[in-house]
Number of protein chains: 4
Amino acid sequence: MTKSVPESNARRGRPRSDHIRQLILNTALDLAFEVGFRSLTVETIAAKTGVGKTTIYRRWPNKGAVVMDAFLSIVGPKTIFPSTDRAINSIQLQMKAQVKAFRSKYGKMIRSLVGDGQFDPDVLDAFRQRWILPRRQLARTTIELAMKQGDLRSDLDVDTVIDTLYAPIYYRLMFETGPISDAYANGLYQSVIKGYGTSKHPKSKR
Amino acid sequence: MTKSVPESNARRGRPRSDHIRQLILNTALDLAFEVGFRSLTVETIAAKTGVGKTTIYRRWPNKGAVVMDAFLSIVGPKTIFPSTDRAINSIQLQMKAQVKAFRSKYGKMIRSLVGDGQFDPDVLDAFRQRWILPRRQLARTTIELAMKQGDLRSDLDVDTVIDTLYAPIYYRLMFETGPISDAYANGLYQSVIKGYGTSKHPKSKR
Amino acid sequence: MTKSVPESNARRGRPRSDHIRQLILNTALDLAFEVGFRSLTVETIAAKTGVGKTTIYRRWPNKGAVVMDAFLSIVGPKTIFPSTDRAINSIQLQMKAQVKAFRSKYGKMIRSLVGDGQFDPDVLDAFRQRWILPRRQLARTTIELAMKQGDLRSDLDVDTVIDTLYAPIYYRLMFETGPISDAYANGLYQSVIKGYGTSKHPKSKR
Amino acid sequence: MTKSVPESNARRGRPRSDHIRQLILNTALDLAFEVGFRSLTVETIAAKTGVGKTTIYRRWPNKGAVVMDAFLSIVGPKTIFPSTDRAINSIQLQMKAQVKAFRSKYGKMIRSLVGDGQFDPDVLDAFRQRWILPRRQLARTTIELAMKQGDLRSDLDVDTVIDTLYAPIYYRLMFETGPISDAYANGLYQSVIKGYGTSKHPKSKR
DNA sequence: GGCTAAGCGAGACGGTACGTCTAGTCTTGGG
DNA sequence: CCCAAGACTAGACGTACCGTCTCGCTTAGCC
């Protein structure tokens, strides 16, 4: 049996403009950096984009969703693991890149998203799915490679290694208990090397 | 000894009732647990306590301050390091207590505070001063004791040790990337022992 | 065979369906009776008719015009002066018919049109041209006939007579200062007869 | 038995400022004259008065109520029957005053109120209670006096006389079927005198 | 024990953003 | 060019809180 009502809802009516979507997201992001996440209003976004409020509410259910989307779809795909000859070095470089990003305006952005996520499950879920987990996956791959390359002990729980490396950075970002310096990142890295590394791990670059 | 100073600006007029203060804090806490932190309004607190809004704003500068105060003055003094013969064991016990607390409704409270703190520096500062730092201080003392007792290497940066132990727990609390189980706490503890412990460290209790 | 005439401004393309026009007007009228005149939305009319909003706006310049058209093209041709042997009696009968109409759902429709007309000159103009004036013309003819027949003094300003007879009915329709009863209509008629009639005017029928 | 709970709601809290009320009504009226009744927005009233929207909505349930109140409480008490030696002359003078008012900006105002009243029962009711009926009452008193003074037949239904005199004026105001001139008012007056007057009625002033 | 400054409950106040709703226009794809 | 569908700009609606500001009252503590 085939579909007898094959296209009752075949794309009808004027399609939503993807261009407008991009404009809105850009404006939202600009404003988020400019006036902060909380002081952001849908009304301002609409006005500055030159768009009706309806157009925004047609695409996102509420303010949080807009900004979340703005952040993740634009600055999201930035952090990547640089490729080096030895995976273990890639980790070190990536950590350095991450703390640098956290010190920039993106750090504030992330704090906002995490902050909002504590109240809005949808925001948190989006943040986890589109920011946290992809990065963990990259880290996992790299770490497993380092294990294969013999630079990390292979009897470790990878998740715990990731947590140990990265959680302290988020901790400092959110609690401001100390600087998110390159040195700090390096310290965390060295700790892990010392604790989990094999004797033959390469000299870390400073 | 009596007051010898005339006190030109000695408290005149009717003094603020401390009883009312307590009532307000209790109501605020109840409501925080009931409807969540964000949906909390000063108007509701006032109404439910049977108090004028003025009475609240006379004592706290804004909503955040009230709730922060409510949380910290009531649930604040809960987590302590249990005393054991060896400090290293005390750490393990405390971690178990902490994850237990995080799994309870207090975990949600903390998430709320952290969340709000990302937007309101006063809230974050209060949270850091009255929750984070006191606990870190206790941890520091215990860890230093463990070093003296020869169960932890003494060439370590204590702050990094603390971060390594506790940051992952906050990380899971806020990002929900995995359960905050006793096993998880234990895993973190074991990692540190393995990495930073001396050869003679005692068998950890399960 | 090909088009030999260029037809620069001859009707080109698909002609507008008159059937659709009727459907729209019917729906508009139904809705006007159902939910009232003000709560009527173009979107609802379009949806209920199964028609695009464009199709409506292509035919009428705005909402008021649609509804006005709906009302007048359907209920318009209802009230007529019945023909009797003496014109003066025709007036009395017509007044009775009019108050009866005003007490029905058409009274509500008229109120709506008049109400809207106070804000929209186009609506008022349409209402005047297509409802008020035709009826006044009929009344004028009948009254002049009654004058010729010697039942009304012929030195009167016909417009004033019409106003005196009919204005009070609209007044009660709009201000609800009293019932628009047959008795009321009769009273108005009798007043005019008494004031403007000649001694020989016939006994009025009750 | 006396009230046992005499003052549970004795004036508590800050009382509403009557000054503000007046400011709002004045602004509303100004705007109504300036941009028209329909284009009037609560937001504009609030802004121009320098008042929060809440303050307006605390006192009136919706836009219509505000403007209605503005009109009636400010321009409402204007039209009065001038006192003359003979009541019949007072009527003539009042009619002249009324058509003059109807030709002014107040005429537009009244049209707006009547227009809105056709859709909003509350508006209509307020208009009837505070504008129509008081004026009818004054007219009734004057007419009854004229009857006693022997200038009008005393076997007439006063309501019908009032309707006959005034309804045509409202009719022309709303349907624009002719000018609301002094001459028109005089014509209506003369008709009534001719039809309902006694032989001894005084010469009407032109 | 009366005086008086401050506390107190109630609720009005100016602001600001929310998310919803229409009006009337524009843009698709398909006759 | 018509049509149905539905996205688009524009902007008012009425609601909800915020933090401040009166009201009329109560209540300590100094004279």
Side-chain angles (χ1 to χ4, degrees), chain A residues 7 9-17 20-21 38-44 46-47 49-63, chain B residues 7 9-17 20 39-44 46-47 49-64, chain C residues 11-17 20 38-44 46-47 49-64, chain D residues 9-17 20-21 38-47 49-63:
Chain A
E7 44 175 14
N9 61 346
R11 223 161 16 311
R12 287 195 295 178
R14 178 173 171 181
R16 293 188 190 165
S17 157
I20 287 181
R21 188 190 132 90
R38 269 288 179 71
S39 321
L40 200 73
T41 72
V42 173
E43 245 145 29
T44 313
T49 317
V51 133
K53 280 165 68 177
T54 320
T55 301
I56 294 180
Y57 281 110
R58 196 178 292 120
R59 292 153 197 270
W60 296 276
N62 51 52
K63 192 177 66 167
Chain B
E7 285 193 32
N9 61 349
R11 241 163 3 296
R12 287 199 292 175
R14 178 173 170 183
R16 292 186 192 161
S17 157
I20 288 179
S39 322
L40 202 77
T41 73
V42 174
E43 243 143 31
T44 313
T49 318
V51 133
K53 277 164 69 178
T54 322
T55 303
I56 293 179
Y57 280 109
R58 202 176 288 120
R59 291 152 203 273
W60 296 275
N62 52 50
K63 190 176 72 165
Chain C
R11 245 180 336 311
R12 288 198 292 174
R14 177 171 168 184
R16 292 185 193 164
S17 156
I20 287 182
R38 266 288 178 70
S39 322
L40 202 79
T41 72
V42 174
E43 240 143 33
T44 313
T49 317
V51 131
K53 278 164 69 180
T54 322
T55 303
I56 294 180
Y57 279 109
R58 203 176 287 121
R59 292 152 201 272
W60 296 274
N62 52 49
K63 190 177 72 166
Chain D
N9 61 347
R11 220 158 20 310
R12 287 193 295 178
R14 178 173 171 181
R16 293 189 188 164
S17 158
I20 287 180
R21 189 191 131 90
R38 268 288 179 68
S39 320
L40 199 73
T41 73
V42 173
E43 243 147 30
T44 313
I45 298 176
T49 317
V51 134
K53 277 166 69 177
T54 320
T55 302
I56 293 179
Y57 281 110
R58 198 177 289 120
R59 292 153 197 269
W60 297 277
N62 51 51
K63 192 177 66 167

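Below, read A as the first sequence line, B as the second, and so on, with proteins coming before strands; counting in each chain starts at 1.
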Closest approach of [X] to [Y] (non-hydrogen atoms, all atoms of both residues):
| X | Y | value |
| --- | --- | --- |
| C:Y57 | C:V42 | OH-CG2, 3.6 Å |
| B:L40 | B:K63 | O-NZ, 3.1 Å |
| D:G52 | D:A46 | C-CB, 4.2 Å |

With sequence neighbours excluded, residues passing side chain to side chain donor-acceptor pair (under 3.5 Å) with D:T49: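 D:T49 satisfies side chain to side chain donor-acceptor pair (under 3.5 Å) with D:T27 once adjacent residues are dropped.
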
All side chain to side chain donor-acceptor pair (under 3.5 Å) counterparts of A:R21, not counting sequence neighbours: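 Applying side chain to side chain donor-acceptor pair (under 3.5 Å) to A:R21 gives A:D69.
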
Relative orientation of the end axes in the helix from E:dG1-F:dC31 to E:dG31-F:dC1, expressed as an angle to the nearest 10° (five pairs per end):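 Angle reported: 20°, given to the nearest ten degrees.
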
Please enumerate all residues that pass side-chain contact (heavy atoms from CB on, under 4.5 Å) together with [X], with sequence neighbours excluded.
| X | answer |
| --- | --- |
| D:T44 | D:L31, D:T41 |
| A:S17 | A:H19, A:I20 |
| D:R58 | D:R16, D:T54, D:T55 |

E:dA10 phosphate, OP1 or OP2, under 4.0 Å from D:R16 side-chain N/O: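 Indeed not, no polar side-chain atom of D:R16 lies that close.
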
Any B:R59 side-chain N or O less than 4.0 Å from OP1/OP2 of E:dA6: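 So the side-chain polar atoms of B:R59 never come under 4.0 Å of the phosphate oxygens OP1 or OP2 of E:dA6.
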
Residue closer to the 5' end of DNA chain F, B:T44 versus D:K63 (nearest nucleotide):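 This one resolves to D:K63.
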
Sugar-phosphate, base or nothing in reach of C:L40, heavy atoms under 4.0 Å: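 The answer is sugar-phosphate, as C:L40 gets under 4.0 Å only of primed atoms, P, OP1 or OP2.
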
Whole angstrom is fine here: how far is it from [atom1] in [X] over to [atom2] in [N]?
| X | N | atom1 | atom2 | result |
| --- | --- | --- | --- | --- |
| C:Y57 | F:dC2 | OH | C1' | 19 Å |
| A:I56 | E:dT20 | CD1 | P | 13 Å |
| B:N62 | F:dG19 | CG | C1' | 9 Å |

Please write out the pairs of protein N or O atoms and N or O atoms of nucleotides 28-31 of chain E separated by less than 3.5 Å, giving the distance to one decimal.
none

Set out, line by line, the N/O atom pairs under 3.5 Å between protein and nucleotides 9-11 of chain F.
unit_1 : atom_1 : unit_2 : atom_2 : d
F:dT9  : OP1    : A:G50  : O      : 3.4
F:dT9  : OP2    : A:G52  : N      : 3.1
F:dT9  : OP2    : A:T55  : OG1    : 2.6
F:dA10 : N6     : A:T54  : OG1    : 2.8

Residues which pass salt bridge (Lys or Arg N to Asp or Glu O under 4.0 Å) with C:K53, listed by chain and number, not counting sequence neighbours: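 For C:K53 the salt bridge (Lys or Arg N to Asp or Glu O under 4.0 Å) partners, ignoring immediate neighbours, are C:E43.
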
Residue closer to the 5' end of DNA chain E, D:S17 versus C:P61 (nearest nucleotide):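 Counting from the 5' end, the first nearest nucleotide belongs to D:S17.
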
